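Let me begin by presenting the structure, written as structure tokens, before commenting on it.
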Amino acid sequence: MAAITQRPKGTQDVVPSEVYKWYTVEQIASETARQFGFKEIRVPTFEDTGLFVRSVGDTTDVVQKEMYTVSATGDSTFTLRPEGTAGTIRALIENGVLNEGFPQKVFYILSCFRHEKPQAGRLREFHQFGCEMAGAANARADADVIALAKSVLDRLGLKGIELNINSIGCPECRSQYHKALKEYFEGYKDSLCETCQGRLEKNPMRILDCKSQEDKQIAENAPLILDYLCDDCKEHFEQLQNNLRLMGIDYKINARIVRGLDYYTRTVFEFITTDIGAQGTVCGGGRYDGLIEQLGGKPTPALGFGMGLERLILTMESQGCDFKKPEKCGIYIASMGQKGESKAVELVGKLREEGFFAEYDLVGRGLKAQMKYADKIGASFVVVLGDNEIDSGEAKLKNMRTGEQTDIKLDDSFVDSFSGIFFSDMLSDENFRNMISSIAKDGE
RNA sequence: GUGGGUAUAGCGUAGUUGGUUAACGCGUCAGUUUGUGGCACUGAAGACCGUGGGUUCGAAUCCCACUAUCCACCCCA
């Protein structure tokens, strides 16, 4: 296959027959966010490279080797966002949104870009649903944000997704901890695997998460961050847990979760599934109290999370979750002959004006083929228009589910008559009734 | 960047001691007489068997290289 007809490595096409899965996730995520008081924000796909270097951190993998940086004509370089938080916070500062009172709560659905080697659940262009909250220092805010993420996962129908939480403290307690950790691992330096020997300098906390059997054993007795938290951080973490308990949200303290972006402080969390391979973090986030100040805003506590839409969909597929089915054609108008074709165009136009999903033949199929097509696209009703119908001004409206046929006039009353039959059929449909009653139950 | 797997029609696959027109299912299109779908039957279109070399009288089938893709490490959503 020629390169020009091939999508770039690590990107994905969503074909028409699959988009409904995306609609489902996007709709549930944004509706849930709005219900929690978050408003949508839309920001550019690319930002000044420096923004990511300063926020994500210049020692992180994301900045060091995964950024898509493009130079425009002139001297500035831009980078396709590798994550959503930096640009969002930048926008909140730049537009003065943080002066409009606290807390500020925003959400977004956008694509991110990282130059990584693709594998299951990891793409170079991927999509994130993210939420950010600024101006709330209280641990209740942490719990609230986690509750929002949890709600989204629940409403998508996902099961067995484990919430892992941890506190990585503030910069003060973390540097204490780093020191202790380094001292500990120095003692085992020669036994550590190669990558971990490198981590010793760069980020000793990562050694805790190593998969190597030997390193795991060494790490078992390593000092824990939770023992090094200052009083305030410790209290914050306690409060978070109290709130989670109040909300009935199960969690696991996992001292090994360490986020790979530098801006995190105190609370970090991940929702993890084992259903989609090695890249099982379906949602990751935490608090970043220093970021806003670091980017030039007034010191303002903040926190947020990102969810990978591809990973959500993968998990839903693997768990057999329900996606909202795409809407199907309400009425297909088949036609034969010039007069019938003209009438079909006219009626479909009127039906669409009234909001109906209506279609007619566009490729010149025979009657039988039109019927097959109507069946294939799942049309609820079909009308056949030929010379006989045009002359008599009356046609048969066929219910494709029951096979039942009803006479219908082709004059101005057509749309109203159809409307009546269409909705009464919906009410008599068992699936529809079940749907309505389950919605009513949810609302109780 | 480091490993391992795979590459046959739109999709899913068969095709292993190398041998004439590469098979099947789904899908697509058309028909099965008279103006009405779902089932069944018939037929058609659609593949330079990832690319390039090599071995051989002869390769989808063996060898090499390349490319793509998948999975894992790493990292993260």
Side-chain angles (χ1 to χ4, degrees), chain A residues 1-3 5-12 15 17-18 56 60-66 81-85 109-130 149 193-196 198-199 202-203 206 209-212 257-261 264 268 270-273 276-285 304-315 332-337 340 363-389 395-403 405:
Chain A
M1 212 190 288
T5 61
Q6 187 167 40
R7 64 176 165 266
K9 187 197 280 281
T11 62
Q12 231 174 24
V15 294
S17 57
E18 292 284 306
V56 175
T60 58
D61 277 12
V62 170
V63 165
Q64 280 190 341
K65 43 189 202 191
E66 296 172 3
R81 60 180 168 228
E83 51 94 59
T85 301
I109 291 174
L110 42 69
S111 48
C112 299
F113 307 85
R114 292 184 198 171
H115 188 92
E116 297 189 270
K117 194 148 175 186
Q119 77 185 68
R122 191 170 76 187
L123 293 160
R124 289 184 171 181
E125 179 183 15
F126 62 100
H127 296 79
Q128 265 191 8
F129 160 69
C193 74
E194 221 170 286
T195 41
C196 281
R199 286 164 164 162
K202 203 175 117 190
N203 190 350
R206 288 233 157 270
D209 202 20
C210 185
K211 305 272 191 308
S212 138
I257 72 161
V258 182
R259 321 263 39 251
L261 311 179
Y264 286 111
V268 291
E270 289 184 10
F271 283 89
I272 302 170
T273 174
I276 56 171
Q279 308 299 323
T281 301
V282 120
C283 170
F305 66 80
M307 281 193 192
L309 300 193
E310 286 83 357
R311 289 187 189 175
L312 289 177
I313 291 172
L314 280 176
T315 315
Y332 181 89
I333 300 193
S335 59
M336 316 171 60
V363 296
R365 274 187 248 255
L367 178 62
K368 192 151 187 158
Q370 290 185 57
M371 290 302 293
K372 281 193 178 182
Y373 180 75
D375 181 61
K376 193 184 77 176
I377 64 175
S380 304
F381 289 89
V382 170
V383 171
V384 176
L385 301 182
D387 289 350
N388 296 346
E389 285 77 11
K396 299 260 187 234
L397 177 69
K398 180 167 184 172
N399 183 322
M400 293 294 274
R401 190 164 47 82
T402 63
Q405 300 207 37

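Letters A, B, ... mirror the listed sequences (proteins, then strands); counts begin at 1. The structure displayed is predicted, hence computed values, not measured ones. Note that these values count all heavy atoms, side chains included, but never hydrogens, waters or copies made by symmetry.
Summarising the geometry, the separation between CD on A/Q279 and P on B/C75 is reported as 11 Å, rounded to the nearest angstrom. Between A/I377 atom CD1 and B/G27 atom C1' there is a gap of 17 Å when expressed in whole angstrom units. Distance, A/I257 CD1 to B/C75 P: 15 Å, rounded to whole Å. The CD atom of A/Q12 sits 13 Å away from the C1' atom of B/A77 (whole-angstrom rounding). With rounding to whole Å, A/Q64 atom CD is found 16 Å from B/G1 atom P. At whole-Å resolution of the value, NZ in A/K65 and P in B/U2 are 12 Å apart.
Evaluation of the side chain to side chain contact (heavy atoms under 4.5 Å, CB included) rule for A/L123 yields A/Q12, A/F126, A/E310 as partners, not counting sequence neighbours. Under the side-chain hydrogen bond (donor to acceptor under 3.5 Å, both in side chains) criterion, A/K9 pairs with no residue, sequence neighbours left out.
Closest approach of A/L261 to A/T60, counting heavy atoms only: CA-CG2, 4.3 Å. Nearest heavy-atom pair across A/A120 and A/Q279 is O-CG, 3.2 Å. Counting all heavy atoms, side chain and backbone alike, A/A149 lies closest to A/M307 at O-CE, 3.3 Å. In terms of heavy-atom proximity, A/C112 sits nearest to A/E83 at SG-CA, 3.7 Å. When all heavy atoms of A/L385 and A/A395 are compared, the pair lying nearest together is CD2-CB, 4.0 Å. Of all heavy-atom pairs spanning A/R124 and A/P118, the tightest one is NE-CD, 4.2 Å.
When atom types are taken as modelled, the side chain of A/R311 and the backbone of A/G280 share no donor-acceptor pair closer than 3.5 angstrom. Judged purely by atom type and a 3.5 angstrom limit, A/E116 has no side-chain atom pairing as donor or acceptor with the backbone of A/E66.
Spacing of C1' atoms, B/C29 relative to B/U17, comes out at 42 Å, to the nearest Å. For the P atoms, the distance linking B/G50 with B/U16 amounts to 14 Å, nearest Å. Taking atom P on both B/C11 and B/C70, the two are 14 Å apart, rounded to the nearest angstrom. Spacing between B/G25 and B/U36 at atom P, rounded to whole Å, works out to 28 Å. When the C1' atom is used for both B/U21 and B/A7, the distance is 25 Å, rounded to whole Å. Atom C1' of B/G12 sits at a distance of 15 Å from the matching atom of B/U6, rounded to the whole Å. B/U20 and B/C63 have their C1' atoms separated by 25 Å, given to the nearest Å. Rounded to the nearest Å, the gap between the C1' atom of B/A9 and that of B/G46 is 6 Å.
Put simply, CG on A/L110 and CD on A/Q128 are 6.5 Å apart, with the number rounded to the nearest 0.5 Å. The distance from atom CE of A/M371 to atom NZ of A/K398, rounded to the nearest 0.5 Å, is 4.5 Å.
A/E66 contributes no side-chain N or O that forms a donor-acceptor pair with the base of B/C75 under 3.5 Å.
A/G121 comes within 4.0 angstrom of a nucleotide base, judged by non-hydrogen atoms across all strands. Contact annotation for A/A120: backbone-only contact, meaning every heavy-atom pair under 4.0 Å involves sugar-phosphate atoms and none involves a base. If you check every strand for non-hydrogen atoms under 4.0 Å, A/L261 touches sugar and phosphate atoms only.
Residues from residues 110-119 of chain A that place a heavy atom under 4.0 Å from any atom of RNA chain B, listed by number: A/R114, A/E116, A/K117, A/Q119.
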Heteroatom pairs (N/O) under 3.5 angstrom, protein to nucleotides 8-13 of chain B:
none

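Stem analysis of RNA chain B (at least three stacked-register Watson-Crick or G-U pairs, each with both distances under 3.5 Å) gives B:1-7 with B:67-73, B:10-13 with B:23-26, B:28-32 with B:40-44, B:50-54 with B:62-66.
Position along RNA chain B of the nearest nucleotide to A/K9 versus A/E83 favours A/K9 as the more 5'-ward residue.
One finds a side-chain N or O of A/R365 lying less than 4.0 angstrom from the OP1 or OP2 phosphate oxygen of B/C29.
Looking at A/K396 and A/E389, their side chains never come closer than 4.5 Å, going by heavy atoms from C-beta outward. Residues A/M400 and A/S380 are not in side-chain contact: their nearest non-hydrogen atoms beyond the backbone lie 4.5 Å or more apart. Between A/E125 and A/H127, the closest side-chain pair of non-hydrogen atoms falls below 4.5 Å.
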Sequence-aligned protein contact record of nucleotides 36-41 of chain B, with B where the base is within under 4.0 Å of a protein heavy atom and S where only the sugar-phosphate is: BBB---
